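What you are looking at is a predicted structure, and each value in this text was computed from that prediction instead of being measured. First the proteins, then the strands, lettered A, B, ... as listed; each starts at 1. Note: hydrogens, waters and symmetry copies are ignored here, and every other heavy atom, side chains too, is used.
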Number of protein chains: 2
Amino acid sequence: MVKNDSEKQTEEKIFEAAMAVFEEKGFAAARMQEIADRAGINKSLLHYYFRSKDQLFEVVFNKLFEKMFSMVIGIFMSDKPFEEKIREYYCEHIRFFQQNPMLPIFIMSEISHNPERLKKRFGNIDYTKIRDSVMGFHAEEMSEYGIKKEDWVQFMITVVSLTIFPFAAKEIVKMFLDQTGYTKGFDDFMNERKVFASEFVINAIKHMNKK
Amino acid sequence: MVKNDSEKQTEEKIFEAAMAVFEEKGFAAARMQEIADRAGINKSLLHYYFRSKDQLFEVVFNKLFEKMFSMVIGIFMSDKPFEEKIREYYCEHIRFFQQNPMLPIFIMSEISHNPERLKKRFGNIDYTKIRDSVMGFHAEEMSEYGIKKEDWVQFMITVVSLTIFPFAAKEIVKMFLDQTGYTKGFDDFMNERKVFASEFVINAIKHMNKK
DNA sequence: AATGAGTTTAACCAACTGGTCAAAAATATA
DNA sequence: TATATTTTTGACCAGTTGGTTAAACTCATT
């Protein structure tokens, strides 16, 4: 099978349309016809390039999961000083999700409705290396800040929660902002959150051993 | 129309089955036939009691949203000392979601896929009273802990994030626990989180004004 | 120009899905 | 018991959905 330019173009068009529709509607509510329409091609062509809806979804899901995953664990892979790292992370992290606001809810929703997909994805990959590098790397800082080793995962989940949740619950937060008379919009709120979350986390860990 | 016992029984059976199916599958993937099966009745009977799928879903959604909402803002309505309040909140909050693990992702997913539902629900309700009582009530504590008034919403979102996110991303967290060699299960992790989250938040706010 | 492999399309299909309806069963009313 | 009312059911329907297929089109190679 010789892949020429036009094929790659078509496949990409389909893939991008599929990403958009799946992310927007979720698997169950997504329609193959709509994907075809947005890609500007015939519906049969979807099945020509990707055999079935499930198969197309799987490719899309893996791509988007990778996108999200690498962003989320990015912080724990950098080698800057801890506090600087935190500030920089929240800054980048929030900026990224401002451009991909539906990504968190899409990933979480699809996984919770079909956990097998996650297991299938991660079953054959060995994350020992990443884990060790991440955990080993931060060992000094952990003890320096008084975070016990067994609380390491708690801490990571905590850091991540502060940005992902507001995006996942974006509409609820927006309503809340309205109700409380916040005049600026969601984006401004999240921009302010870059600083708030950083300072909050840094304050918390600075005094963990001074209980 | 005289409502006798059997009617109420049937209606309730339908309602509970609908709650279960909708919460488990989400609106788009939920099937009226499955709801009927779980309720142990004929499918036509669904339409007899609740005209359409949309209507049945709306009732279920409102019920579940109320359930979640009252739990989430519960903390901000109590009159105990701040730190005690925080500890108690995380304890109850996590215990509650351990019994309703799908609730957060269901609410967030459905709202993000159909924000109009939220607006419809809250459009005609005046939350000024709640807002004022909550915000007015905590005014002293806010200043005492050095939380600026404009950061109040940031703080609330932060507190709530720490428990809701791990449940919404339950499967991902579980995978993460496996990967990092955490031998105990998700429930144990969340039990430990009751303490971790409390101390984390308390540490953070204790030193907010001592920057 | 003829060939042939890869690409795109229109027409079509079987299964599913929410929803209807008239009849039957159950229950209340007289 | 006879009648009216409400509850429950099975059969059915129209629209939708993922997927198939055979024919048509494109285009490089000969």
**OP:** Would you please name every residue forming a ring pair (Phe, Tyr, Trp, His ring centres under 6.0 Å) with B:F167, sequence neighbours left out?
**Re:** B:F97, B:F186

Original post:
Got a sec, which pairs hit salt bridge (Lys or Arg N to Asp or Glu O under 4.0 Å) with one end in residues 155-176 of chain B, sequence neighbours left out?
Top reply: B:E171-B:K174

Subject >> Of B:Y89, B:Y90, B:F96, the residue whose pairing with B:H93 passes ring pair (Phe, Tyr, Trp, His ring centres under 6.0 Å) >> reply: B:Y89

Original post:
Rounded to whole angstroms, how far apart are NZ on B:K13 and P on D:dT8?
Top reply: 8 Å

Original post:
What's the CG-C1' distance between B:L45 and D:dG10, to the nearest Å?
Top reply: 13 Å

Subject >> Spacing of A:Q9 atom CD relative to C:dG6 atom C1', expressed in whole Å >> reply: 16 Å

Original post:
Where along nucleotides 15-20 of chain C does protein come under 4.0 Å, by heavy atom, of base (B) or sugar-phosphate alone (S), with - for untouched nucleotides?
Top reply: --SBBB

Original post:
Which residues pass the ring pair (Phe, Tyr, Trp, His ring centres under 6.0 Å) test with A:F50, sequence neighbours left out?
Top reply: none

Original post:
What residue pairs, at least two apart or across chains, pass salt bridge (Lys or Arg N to Asp or Glu O under 4.0 Å) with a residue in residues 88-99 of chain B?
Top reply: B:K80-B:E88

Subject >> Pairs meeting criterion salt bridge (Lys or Arg N to Asp or Glu O under 4.0 Å) with involvement of residues 14-31 of chain A, two or more places apart >> reply: A:E24-A:R38, A:K25-A:E34

Original post:
For the pair made of CD in B:E11 and P in D:dT6, what is the distance, rounded to whole Å?
Top reply: 15 Å

**OP:** Using a cut-off of strictly less than 4.0 Å, decide whether A:Y48 has a side-chain nitrogen or oxygen near OP1 or OP2 of D:dT21.
**Re:** no

Original post:
CG of B:L46 versus C1' of C:dC21: gap in Å, rounded?
Top reply: 16 Å

**OP:** For B:I41 and C:dA25, give me the distance from atom CD1 to atom C1', rounded to whole Å.
**Re:** 16 Å

